[in-house]
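So the structure is just underneath, and the comments pick up after that.
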Amino acid sequence: MPIFDIFSKRQKALRGDIPDVYRYDDIPTQLRIQIVYIMEDVLGNRQQYEHYSYVRIIYNSIANILCREYGVFHLSENYRKHSNEMDDLMDFFLNERNIEKVLDVVELSFRMVDRETRRYNYLNKRNPSKDADLAIEDLNRRFEEHGVGYCFTSGQIVRIDSELIHSEVVRPALKILNQSQYAGAQQEFLTAHEHYREGKTKEALNECLKSLESVMKSICDKRGWSYGDGDAAHALIAICFDKGLVPPFWKTQFSALRSLLESGVPTARNRLGSHGQGAAPKPVPDHIAGYVLHMTAAAIVFLAGAEASDAG
């Protein structure tokens, strides 16, 4: 269903009662209830759960996956009150305090929305694929409405630090990486986002670099440019520039970018991510990890865009 611009919302906006920064450690009850409405609209409600076997299969699959991964037989502490997995799942989602587990439910549920509900005539709908797209759009708008810094994209929940950066850099990078030639880089970039969301900042840096290196190797493979099996970011960057991926008359303008690529992502990863750090562990601050993540996305967009433009 569409999101309505009701009177109370307009008044809150006029008063300035809207979040100006994202939060990551709270999924408010109101947002959880709104997400349940979206899930029931597109996956099926309780009545449809009773009457359609494919609706039961989807909800039961979500609950069973989570039970297996958490090592439990039931999700909710009130499972004895529930007669089926759907109610157990919804109770768990509405009351769980661990935010990562709450997001587990959202991610798995909307993967089902994205992959399963697009089938022809799902829930007797004329255009189930369009309904799936609208449901995902509604979910992300609800996150934004509540100032919760996450969104569902490319089958995963990813963390957002800036809506401008996400829309102008991260989203275009994900669109590029969705091409088959960048499948490995896509998985590494999404894994970097997952680590970042979970606070595993060193792991995020490592996956950032792997993704950037994979993109450059894919470009080299497509162009027939040779590189060594052990070539890392510095050598791959040199190949991409030496082979004219950036036109000669732009080299002066992009000299700063080359310096950024060479000293940015690889250096951040090398100094803080994977090499020896001495007796005292060196923490990687969230803002550094976020910066490197977004810098990686910008580099991917630039390199893939340059490759596509030059090929055309």
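We use all heavy atoms of the structure for the numbers below, so side chains are in, but hydrogens, waters and symmetry mates are not. Please read these numbers as outputs of a predicted model, since none were measured by experiment.
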Item to check | Audit row: L75, F93, side-chain contact (heavy atoms from CB on, under 4.5 Å) steps and yes/no | outcome: CA-CA 9 Å; L75 293 172; F93 176 65; over 6 Å; no

Can you classify the ring geometry of [X] versus [Y] as parallel (below 30°), tilted (30 to 60°) or perpendicular (above 60°)?
{"X": "F152", "Y": "F110", "answer": "tilted"}
{"X": "Y24", "Y": "Y150", "answer": "perpendicular"}
{"X": "F92", "Y": "Y70", "answer": "tilted"}

Next on the checklist: Between T191 and E207, is there a side-chain donor-acceptor contact under 3.5 Å, judged purely by atom types and distance?
Outcome noted: no

Next on the checklist: Is it true that Y59 and D88 share a donor-acceptor pair across their side chains at a distance under 3.5 Å?
Outcome noted: no

Item to check | Axial cation check for Y37 ring with R142, 6.0 Å and 45° limits | outcome: no

Next on the checklist: So, applying side-chain hydrogen bond (donor to acceptor under 3.5 Å, both in side chains) with H146, which one of Q34, R23, R32 is it?
Outcome noted: Q34

Distance from [X] atom [atom1] to [Y] atom [atom2], nearest 0.5 Å?
{"X": "W225", "Y": "L245", "atom1": "CH2", "atom2": "CG", "result": "5.0 Å"}
{"X": "H193", "Y": "T296", "atom1": "NE2", "atom2": "OG1", "result": "9.0 Å"}
{"X": "N84", "Y": "L89", "atom1": "CG", "atom2": "CG", "result": "10.0 Å"}

Item to check | Chi angles and distances behind the salt bridge (Lys or Arg N to Asp or Glu O under 4.0 Å) call for E85, R56 | outcome: CA-CA 8 Å; E85 283 87 346; R56 286 197 300 277; over 6 Å; no

Item to check | Flag if over 12 foreign heavy atoms under 6.0 Å of CD, E100 | outcome: yes

Next on the checklist: Other residues, nucleotides and ligands only: do more than 12 of their heavy atoms fall within 6.0 Å of CD on E69?
Outcome noted: no

Checklist entry - Is the shortest side-chain N to carboxylate O distance from R111 to E107 below 4.0 Å? => result yes

Checklist entry - In terms of side-chain geometry, is the basic nitrogen of K217 or D231 positioned less than 4.0 Å from the acidic oxygen of its partner? => result no

Checklist outcome for this item: Shortest non-hydrogen pair, S154 vs L190, comes out as O-CD1, 3.9 Å

Next on the checklist: Minimum heavy-atom separation for A233 and E213, please, with both atom names.
Outcome noted: N-OE2, 3.1 Å

Checklist entry - Name the one of N124, I57, I58 that satisfies side chain to side chain contact (heavy atoms under 4.5 Å, CB included) with Y52? => result N124

